[in-house]
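Below, chains carry the letters A, B, ... as their sequence lines are ordered, and counting in each starts from 1. Here the structure is a predicted model, which is why all the values come from computation and not from measurement. FYI, side chains are in, hydrogens and waters are out, and symmetry mates aren't considered; it's all heavy atoms of this structure.
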Number of protein chains: 2
Amino acid sequence: MSDDERASQSRTTYRHGDLRGALIAAGVEMAREGGPRAIVIREATRRAGVSPNAAYRHFADRDALLKAVSDTCLGLAADRIEQEQAAHPTTGDAVADARLQLRTVGLGYIAFAREEPGLFRTAFSVPDDLRQALSPAKAGVSGLTPFQLLSLALDALVDSGALPPARRENAEFLAWATVHGLGMLVIDGPLRGLTDPMIDFATERLLDMVDRGL
Amino acid sequence: MSDDERASQSRTTYRHGDLRGALIAAGVEMAREGGPRAIVIREATRRAGVSPNAAYRHFADRDALLKAVSDTCLGLAADRIEQEQAAHPTTGDAVADARLQLRTVGLGYIAFAREEPGLFRTAFSVPDDLRQALSPAKAGVSGLTPFQLLSLALDALVDSGALPPARRENAEFLAWATVHGLGMLVIDGPLRGLTDPMIDFATERLLDMVDRGL
DNA sequence: GCGCCGATGTGTACACTGTCCACTACCTAG
DNA sequence: CTAGGTAGTGGACAGTGTACACATCGGCGC
């Protein structure tokens, strides 16, 4: 007899096992279709098969749950970026590879925004801070956060000689801001109605601009 | 005896006069300190001295009010941009002036985000569409929307010869995305803790990048 | 002048939310 | 075996969005 069976027999839904994780998972699911506003404590507990107040054993309030879901979403963004990088194999040319690495960060980021607008909005709906940009809670399966993936790409660019060290400092901000802005404008800003090819085109031009202007 | 006095005498708060406008104004005030989430119908009606349901004569639901407030916020952003432009007088050199004009759009935009983060967030919390980016509801006192101010600056850049016409098409998207991203990251993204001088510096470098990479 | 009608606002009511409090069932260290 | 911590339940309350029925005013045609 498995633990699950014993649990569901001797008590109704008493000890959940991983309620915290279940609530976050439910939150991600709600965010997926409705953005941060759709994250609702009572609904999350309902989906986890537990009473509303059980959530307060794991989260101080709704904002705490939202924050946890938001962090998870950032991790998913990191995964999407790494997926994009895996899809673009290296060529052996250090400069070309470094530039491609930066480009794939942008491509993955925009892809995530377009494929999962609700999660993307949720990821950035919580006030953040540079000190926490490296928090493991925001990391994907590989253990790296989106911010770290970007930093690594910029480091590689400097190592390859494609980016003068003098321009390296704070380059994260420029690259990130640029791509982040496009993501936002595409999912609920004025660029929303654009066709996919138009967005692809704008993305390419934007990444060209970063490549050239960094 | 003024109209106001007669009104407040013969009836409690019956015919308001401009309830729609009052609700939007209250919404802007709430958004200013709490962002879009702080916009609450009941509180708005309270501030307007009217019963909760009165709002439904002017707005279909909360989202409709949010949208109206959001449009108003965009108009305020336009005002801030024009204020920035007024603060940078032209020099007479067509190319320099055109580049400055574009730069002031960015400066005003970022300034608005930093000075009024709640309004900035509210302005972009409502899904929008390119067809509506020119709606007069989003215009500032001069009648122009932020998008139009940006377009005008880009046109001037082409007219002056600083921007090849071939690069003009969709340049709005690139410029806007870049600056918008910085705005977002600065107010609740990872760039939040940065000191003012650091943000100024990043802004300058970002605008340089646009200037160079467009 | 009169009566009617649409626009505007009021009151009541319901479902739903976040969150507080007191309570209970279980697990584990001593 | 017992004491205390942990995880979950149940009930309650204030605040929210919103539907429905009603009241009141201003302006219109007659």
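At whole-Å resolution of the value, CG in L19(A) and P in dA25(C) are 19 Å apart. When the C1' atom of dG17(D) is taken as reference, atom CG of L23(B) falls 14 Å away, rounded to whole Å. Taking atom CD1 on I39(B) and atom C1' on dG17(D), their separation rounds to 15 Å, with Å as the unit. dT16(D) atom P lies 11 Å from atom OH of Y56(B), rounded to whole Å. Between D63(B) atom CG and dT16(D) atom P the separation is 17 Å, expressed in whole Å. One can place CG of L66(B) at 11 Å from P of dG17(D), the figure rounded to the nearest angstrom. N53(B) has its CG atom 8 Å from the C1' atom of dA19(D), to the nearest Å. Distance CZ (R57(B)) to P (dC22(D)): 14 Å, rounded to an integer number of Å.
In terms of the side-chain contact (heavy atoms from CB on, under 4.5 Å) criterion, residue partners of R114(A) (sequence neighbours excluded) are, by chain and number, I110(A), V186(A), D196(A), I199(A), D200(A). S142(B) meets the side-chain contact (heavy atoms from CB on, under 4.5 Å) test with E82(B), L144(B); sequence neighbours excluded. Residues passing the ring-ring contact (aromatic ring centres under 6.0 Å, His included) test with F124(B), sequence neighbours excluded: F120(B), H180(B). Residues satisfying the side-chain contact (heavy atoms from CB on, under 4.5 Å) criterion with E115(B), sequence neighbours excluded, are R80(B), A111(B). Looking at residues two or more places apart in sequence or on another chain, you find no ring-ring contact (aromatic ring centres under 6.0 Å, His included) involving F173(A).
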Could you pull out the protein-nucleic contacts involving nucleotides 15-17 of chain C (nitrogen or oxygen on both sides, under 3.5 Å)?
residue, atom, partner, partner atom, Å
dT17(C), OP2, R46(A), NH2, 2.7

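For the pair H58(B) and dA7(C), the criterion of a side-chain N or O lying under 4.0 Å from OP1 or OP2 is not met.
A donor-acceptor contact shorter than 3.5 Å is absent between the side chain of E116(A) and the backbone of A113(A).
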